[in-house]
Amino acid sequence: MKIDVTLPDGTVRSYDEGATAMDVAKSISEGLARNVLAAKVNGEVRDANRPLPRNCSLALLTWNDAEGKSTMWHSSAHLLAEAVEALYPGTKFGIGPPIEQGFYYDIDLGERTIGDGDFAAIEAKMKELASKKLVFERRAVPKAEAIAYFTDKGDEYKLELLEGLQDGEITFYTQGNFTDLCRGPHIPDTGSIKAVKVMSVAGAYWRGDEKRKQLTRLYAIAFPKQKELDEYLVLLEEAKKRDHRKLGKEMDLFTFSERVGAGLPLWLPKGAALRERLIDFMKTAQEEAGYVQVATPHIGSKQLYVTSGHWEKYGKDSFQPINTPQEGEQFMLKPMNCPHHCEIFASRPRSYKDLPLRLAEFGTVYRYEQSGELHGLARVRGFTQDDAHLFCRPDQVKEEFLKVIDLVLLVLKALNFEHFEAQVSLRDKEDRSKYIGSDENWEKAEQAIIDAAAECGMKTVVEYGEAAFYGPKLDFMVKDALGRRWQLGTIQVDYNLPERFELEYVGSDNAKHRPVMIHRAPFGSLERFIAVIIEHSAGRFPLWLAPEQAVILPVSDKFVEVAQGLAKQLKALKIRTSVDERNEKVGRKIRDAELAKSPFMLVVGEKEAADNTVAVREHGQGDLGSMSTVAFAAMIQERIKEQLALA
RNA sequence: GCCUUUGUAGCUCAGGGGUAGAGCACUUCCUUGGUAAGGAAGAGGUCCCGGGUUCAAUUCCCGGCAAAGGCUCCA
């Protein structure tokens, strides 16, 4: 009997019955066979050494496929477990899945602990075991036998996992001396695991439940080549160098104070100016797009949030109400601006002719985050949103989405983000009971979002079931210079708040209608956005945003006055500049200016003083030669225009 | 909040039961210079906070605070 195997390119090959994916690989080339980690058979990832079903489609998975990679990491987790069991006999095992960057295994060491100092020994053991090319053997096991095995071993975690499994669907995988309850699939043998690194150790609750026992989680990563591990470590180093917390300190942008409180950033002059520039940029763009600015206080009565529903949903996990001393009234620090904006909408009768009404505010909001969740500027307890709420008619949703997408694209361009996609979150296809708002409106809005994203030519991913209960949304997923993904910018339809605040407008039919509300924040929060752009740009901000655009370096004390005159000229032309008046040599001043990431350095000495020119040096580019002061200013302004898409 | 790690000069970090260390930054002086570190001298500390052990604690122990990583990615 022969079986037919269809390969991804459409070719059909014939094999003897019982052939495995590995056999197919070998028939194509030895090199391919060496690299095969797993196989995708009829869309399902399986062991490469399992016999293929008759007439199937087959894709051979290697390190270059996401699924091949995660299979390798999953197998590496088993290898980690084997090493740990060898070094720490009696260890009990929880789960050990692959993750985005590597894998982990949750283990219970009893009274023992593992620290950074133990990693090297674990890595050495893993490498030793891996080099034996231990084969991963799959075996279907009756439930009773599986229970007997782990009872005998004394591993209560595996026993608990077994409870949730049906007899007949249980499989064991064994490599070397280690047998694990596992669905698989796995790589053929441990030989392809050439480089491993234990990254960190952390506590993790069994089954993610904080009431249950905390296990020790070992994070690690593995590669088929030492070189790839080295490159990965270099990338981590680069990420560390770009860490916004480090750069923020070096560049005097912001700081934190224990006395002020954790998660409450203090903006230093240069950082505050940076914020202002971002705000100005957005205000200008919003003004053109027909927004109006509003301003609302930092607190609001508790009743406001009872009305909005936020009290019920987030009340006990928020900063608790502030009480007035005399009347005992309760106020909340505002966790969002929308309830205030709803009241502005409701402050007078609205006609359909007033819509869309676009209320914008750089509103600072306060949210309680658990102390362990705080992270530099990326996760704080007080932050400013570039918030706006668009009140419109259902038929205006698409138009408004288009305009907001334009705004976000403008932001992404101005900050040199080149890789991004739209993630559209829609209702669950099956269960529609958990959503508020009419079916008709939802369908209209969902279609409007999809159409708007398509019209803008955005790469779009649609996620069903990811919508909030109050409406569908579109998020921008952005890749930074190191290939890390961030969620920036969000546009959300909301049917809930207009309902709760009983917002209305008078239609052309002279009847009352409920407006649709759209929340949107292109930056998201200024704090988080700045964290991302610091890391994306490694602190080398686009010229229009840079704290200082040019630093003037007099060749010696004799030319300080000339330099000051030049600074005055440039400032009049709206170029941010300063003079390095220190009694140092030019070489030293240049070095310091390069390290400070000043975009341009202007060297002035006898020659420049004589003919009113500047010797221009660009950061990271070197000497650009001399030009007149006017020409330099024009060049800067030209570059900024281009960057901001104003040209 | 919980687990692991960390907390020493403005910054980066070494050290260690008995008077506190380096490099950079800072101050002063010398030097007056042309595209990535000129030279010298000096100043700078509640060794995170509180308690305990000790003749003696920055060091060891306990507690707190803050920071970093993790606690979602289901054998």
Side-chain angles (χ1 to χ4, degrees), chain A residues 70 74 77-78 81 93-106 113-118 141 146 150 155 157-165 169-173 179-184 186 199-219 240 243 245-246 249-250 252 255-263 317 368-376 553-560 582-596 601-608 615-626:
Chain A
S70 63
H74 186 185
H78 283 227
F93 295 88
I95 59 170
I99 52 175
E100 223 168 276
Q101 297 288 340
F103 55 92
Y104 66 78
Y105 218 117
D106 283 347
T113 56
I114 282 185
D116 309 13
D118 305 309
V141 182
F150 284 109
D155 196 326
Y157 304 105
K158 295 295 179 187
L159 286 170
E160 188 179 325
L161 293 171
L162 277 168
E163 279 172 28
L165 298 177
E169 65 177 21
I170 295 167
T171 51
F172 276 10
Y173 274 82
T179 296
D180 205 355
L181 168 68
C182 185
R183 180 196 296 141
H186 282 283
M199 303 301 297
S200 65
V201 57
Y205 298 108
W206 173 233
R207 308 209 118 177
D209 183 346
E210 63 183 74
K211 291 186 190 66
R212 306 203 58 182
K213 182 156 181 177
Q214 184 143 25
L215 306 180
T216 301
R217 175 169 295 181
L218 281 174
Y219 283 91
K240 221 170 163 184
D243 191 313
R245 294 164 299 185
K246 178 174 138 70
K249 189 184 254 181
E250 282 174 15
D252 291 321
T255 187
F256 289 90
S257 149
E258 286 188 27
R259 212 172 272 162
V260 171
D317 300 317
Y368 172 75
E369 300 286 355
Q370 296 190 89
S371 55
E373 297 286 349
L374 302 173
H375 178 89
L553 313 178
V555 160
S556 80
D557 284 355
K558 289 183 209 150
F559 304 100
V560 166
R582 291 176 306 165
N583 178 4
E584 291 290 350
K585 295 191 176 185
V586 199
R588 177 52 183 272
K589 292 181 182 178
I590 284 175
R591 179 184 153 79
D592 288 344
E594 287 280 354
L595 291 176
M601 287 146 266
L602 307 178
V603 179
V604 292
E606 194 165 358
K607 193 170 146 301
E608 290 75 18
V616 182
R617 182 190 166 99
E618 184 169 3
H619 175 80
Q621 305 292 319
D623 199 345
L624 298 189
S626 287

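Residue numbers start from 1 in every chain, and the chains themselves are labelled A, B, ... in the order their sequence lines are given, proteins ahead of strands.
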Practice item. Take nucleotides 35-41 of chain B nucleotide by nucleotide from the 5' end and write B, S or -, depending on whether a protein heavy atom sits under 4.0 Å from the base, only from the sugar-phosphate, or from neither. Key: BBBB---

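- For the pair A/Ala77 and A/Gly96, the tightest heavy-atom approach, listed with the atom from each and the gap, is CB-O, 3.4 Å.
- The partner of B/A41, taking Watson-Crick or G-U wobble pairs whose two distances both stay under 3.5 Å, is B/U27.
- Pairing for B/A66 is with B/U6, a Watson-Crick or G-U wobble pair whose two hydrogen-bonding atom distances lie under 3.5 Å.
- Across B/U32 and B/G39, the matching C1' atoms stand 14 Å from one another, rounded to whole Å.
- For A/Asp592, the side-chain hydrogen bond (donor to acceptor under 3.5 Å, both in side chains) partners two or more places apart in sequence, or in a different chain, are A/Arg582, A/Arg588.
- B/G7 and B/U12 are spaced 13 Å apart, taking the P atom of each and rounding to whole Å.
- Between A/Tyr368 and A/Gly605, the residue anchored nearer the 5' end of RNA chain B, judged by the nucleotide with its closest heavy atom, is A/Tyr368.
- The gap from the C1' atom of B/C48 to that of B/C65 amounts to 8 Å, rounded to the nearest Å.
- To the nearest 0.5 Å, atoms NE2 (A/His619) and CD1 (A/Ile590) are separated by 13.0 Å.
- Regarding A/Arg582, its CZ atom lies at a distance of 15 Å from the C1' atom of B/U32, rounded to whole Å.
- Across all their heavy atoms, A/Asp180 and A/His78 have their closest contact at CB-CE1, 3.5 Å.
- Residue contacts shown for A/Glu169 include a base, since a base heavy atom lies under 4.0 Å away.
- When the P atom is compared between B/U59 and B/U6, the two are found 15 Å apart, to the nearest whole Å.
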Review point. What string of B, S and - do you get for nucleotides 63-72 of chain B, 5' to 3', if B is base contact, S is sugar-phosphate-only contact and - is no contact with any protein heavy atom under 4.0 Å?
Key: --SSSSBBBS

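- Distance, A/Leu218 CG to B/U5 P: 13 Å, rounded to whole Å.
- Taking atom P in both B/C24 and B/A37, one finds a spacing of 14 Å when rounded to whole Å.
- Computed from coordinates, the A/Tyr157 OH to B/A75 P distance equals 17 Å when rounded to whole Å.
- Aromatic ring centroids of A/Phe150 and A/Phe93 lie 6.0 Å or more apart.
- Look at CG on A/Asp180: it is 10 Å from P on B/A75, rounded to the nearest Å.
- With salt bridges taken as basic N to acidic carboxylate O contacts below 4.0 Å, none links A/Lys558 and A/Glu606.
- Between the CG atom in A/Leu181 and the CD1 atom in A/Ile170 there is a gap of 7.0 Å [rounded to 0.5 Å].
- Checked against B/A75, B/U32, B/C73, the side chain of A/Asp557 finds its nearest nucleotide in B/U32.
- Under the Watson-Crick and G-U wobble criteria, each requiring two contacts below 3.5 Å, nucleotide B/C60 is paired to B/G52.
- Comparing B/A41 with B/U8, their C1' atoms are spaced 26 Å from each other, to the whole Å.
- For A/Tyr104, the ring pair (Phe, Tyr, Trp, His ring centres under 6.0 Å) criterion is met by A/Tyr219, not counting sequence neighbours.
- Contacts of A/Tyr157 classified as ring pair (Phe, Tyr, Trp, His ring centres under 6.0 Å), with partners at least two apart in sequence or in another chain: A/Trp206.
- Both distances falling under 3.5 Å, in either a Watson-Crick or a G-U wobble arrangement, place B/G1 opposite B/C71.
- Among residues two or more places apart in sequence or in another chain, the side-chain hydrogen bond (donor to acceptor under 3.5 Å, both in side chains) test is passed with A/Asp243 by A/Arg245.
- In this entry B/C47 has no Watson-Crick or G-U wobble partner, no candidate having both defining distances under 3.5 Å.
- Of the possible polar contacts, one joining the A/Glu608 side chain to the A/Gly605 backbone as a donor-acceptor pair under 3.5 Å is found.
- For the pair A/Lys249 NZ and B/G7 P, the computed distance is 14 Å after rounding to whole Å.
- Pair check for B/G17 finds none; no Watson-Crick or G-U wobble contact set falls under 3.5 Å.
- With a cut-off of 3.5 Å on both Watson-Crick or G-U wobble distances, the partner of B/A22 is given as B/U12.
- Comparing the P positions of B/C47 and B/G18 gives an interatomic distance of 15 Å, to the nearest angstrom.
- Rounded to a whole Å, the CD atom of A/Glu250 is 17 Å from the P atom of B/G10.
- Here the separation of B/A9 from B/C13, taken at their C1' atoms, is 11 Å to the nearest Å.
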